[in-house]
Amino acid sequence: MNTVIDFVSSVFQPIIPALSGAGMIKAVLALLTVFHFITNDSQTYILLNMFADSAFYFLPVLVAFTEAQKLKCNPILACVTALILMHPTWTGLVSAGVPVSLFEVIPFQLVNYANSVVPIILIILVQKYVEKWLNRIMPKSVNLIFVPMLTMIIMGTLALSIIGPLGNIVGSWLGVIFNYLAENAAWAPAVLVGGLLPVMVMFGIHNGIAPLGIMQMGTLGYDSIFGPGCVCSNMAQASAGAVVAFREKNARKNRLPQPVRLLPTWALPNRSYTA
């Protein structure tokens with residue numbers, strides 16, 4: 001369990017600044033439209049929305065980079081594998097809906113991998129061992145040329161034919177679960193996460209739950225699992241502290257610490273004499 005939590009937190013923790021920045025841009029856009037500063041069809045809205053969507057659209061590339069760093073394989077090759085999944089040619093083939101195969105033998109499943117998380121995680125897990133095997137068998141004199149070439153060919157083929165579609169199935173089932181919770185028990189994740197968050201933070205378990213919200217953000221466009229629970233928990237703790245501060249009758253507990261005397265008692269001025 002500790003290994004899983006460490007892996008998940010190492011992969012998603014570095015991405016949080018990009019996701020939070022994109023989320024804040026979305027919030028600013030919502031305020032600008034509510035107060036009628038801009039409209040939904042204006043170029044300003046379209047461009048700012050593009051700034052925010054880029055972090056989510058290219059999320060597989062970000063995940064590939066951080067996961068490769070965690071697994072100690074080449075992060076640039078990992079990003080290239082993620083970019084293969086998101087190349088305009090591939091997205092065009094998916095949109096066309098025409099069956100695609102390599103050498104007329106290996107069929108590729110038509111799946112759009114934008115905003116996805118699970119497929120690239122599985123792909124880079126396999127790429128680590130493929131790259132390690134190639135580095136072991138390849139002579140050092142041609143390592144720089146043939147290892148990247150074979151890695152891209154092997155992983156591109158495996159990603160589009162087996163691993164990517166498998167990850168898409170897993171992600172789809174997660175989406176079904178998220179949809180069920182959102183429609184039938186939307187209160188449950190916020191209550192569980194909000195009520196148990198302080199304990200989860202003590203043991204580091206929250207690092208394993210936070211990516212569920214990120215996955216939901218990528219599949220559904222919103223987070224109803226981790227984010228609302230965190231808000232509820234943090235506001236509850238802040239409110240509890242505020243109540244104690246306002247209702248405490250003992251003024252000494254609310255008073256700032258007194259400055260420490262630098263001189264010993266015997267060196268202080270004689271109060272009776274100065275009076």
Side-chain angles (χ1 to χ4, degrees), residues 1-26 50-87 90 111-135 147-148 151-152 154-156 158-160 162-168 170-171 174-175 178 193 200-201 203-223 225-227 230:
M1 188 63 181
N2 290 335
T3 302
V4 173
I5 293 175
D6 177 67
F7 173 78
V8 172
S9 61
S10 298
V11 171
F12 287 95
Q13 196 74 26
I15 305 175
I16 290 178
L19 299 181
S20 62
M24 288 304 299
I25 293 176
K26 293 280 190 178
M50 179 189 69
F51 295 169
D53 284 342
S54 61
F56 297 104
Y57 185 85
F58 293 102
L59 189 57
V61 181
L62 302 179
V63 172
F65 185 83
T66 56
E67 185 179 0
Q69 288 183 320
K70 175 61 179 177
L71 298 177
K72 293 181 173 55
C73 57
N74 193 315
I76 302 302
L77 289 179
C79 290
V80 170
T81 303
L83 290 170
I84 290 174
L85 304 178
M86 309 186 68
H87 195 279
W90 176 250
V111 178
N112 187 358
Y113 295 101
N115 304 309
S116 64
V117 173
V118 178
I120 195 62
I121 290 179
L122 299 179
I123 290 168
I124 303 304
L125 280 173
V126 175
Q127 180 167 326
K128 170 192 175 181
Y129 297 100
V130 171
E131 186 179 329
K132 183 178 180 181
W133 174 69
L134 290 174
N135 280 315
V147 169
T151 300
M152 293 169 62
I154 294 172
M155 290 312 305
L158 291 176
L160 296 176
I162 301 175
I163 309 174
L166 177 62
N168 182 66
V170 176
L174 288 174
F178 295 153
V193 173
M200 291 191 293
V201 171
F203 293 97
I205 302 176
H206 68 294
N207 290 322
I209 299 178
L212 296 177
I214 297 176
M215 294 179 189
Q216 189 185 26
M217 185 74 72
T219 56
L220 301 179
Y222 59 86
D223 172 16
I225 296 178
F226 191 70
C230 282

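When a residue number appears, it is its place in the shown sequence, counting from 1. Reckoned from all heavy atoms, side chains included, excluding hydrogens, waters and symmetry mates.
Put simply, CG on N135 and OG1 on T151 are 7.0 Å apart, with the number rounded to the nearest 0.5 Å. One finds the CZ atom of F56 at 10.5 Å from the CG atom of L62 (value rounded to the nearest 0.5 Å). Here the OH atom belonging to Y113 is positioned 6.0 Å from the CG atom belonging to L160, to the nearest 0.5 angstrom. Between atom CG of residue L122 and atom CD of residue E67 there is a gap of 8.5 Å, rounded to the nearest 0.5 Å. Put simply, CG on L125 and CD1 on I163 are 9.0 Å apart, with the number rounded to the nearest 0.5 Å.
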Could you pull out all donor-acceptor pairs under 3.5 Å where a side-chain atom in residues 74-86 meets a protein atom, sequence neighbours excluded?
{"residue": "N74", "atom": "OD1", "partner": "I76", "partner atom": "N", "Å": "2.9"}
{"residue": "N74", "atom": "OD1", "partner": "L77", "partner atom": "N", "Å": "3.3"}
{"residue": "T81", "atom": "OG1", "partner": "L77", "partner atom": "O", "Å": "3.0"}
{"residue": "T81", "atom": "OG1", "partner": "Q127", "partner atom": "OE1", "Å": "2.7"}

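Residues K26 and D53 meet the side-chain proximity criterion, which asks for heavy atoms closer than 4.5 Å. Proximity of L71 to Y129: side-chain heavy atoms (C-beta onward) are nowhere separated by under 4.5 Å. No side-chain heavy atom of V63 sits less than 4.5 Å from a side-chain heavy atom of I124. Side-chain atoms of L158 and M155, non-hydrogen and from C-beta on, do get closer than 4.5 Å to each other.
Although no hydrogens or angles enter the test, the distance criterion places a donor-acceptor pair under 3.5 Å between the side chain of W90 and the main chain of V111.
At most 12 heavy atoms of other shown residues, nucleotides or ligands fall within 6.0 angstrom of atom CE in M24.
When all heavy atoms of A159 and I123 are compared, the pair lying nearest together is CB-CD1, 3.6 Å. Considering all non-hydrogen atoms of both residues, A18 and A55 come closest at O-CB, 4.0 Å.
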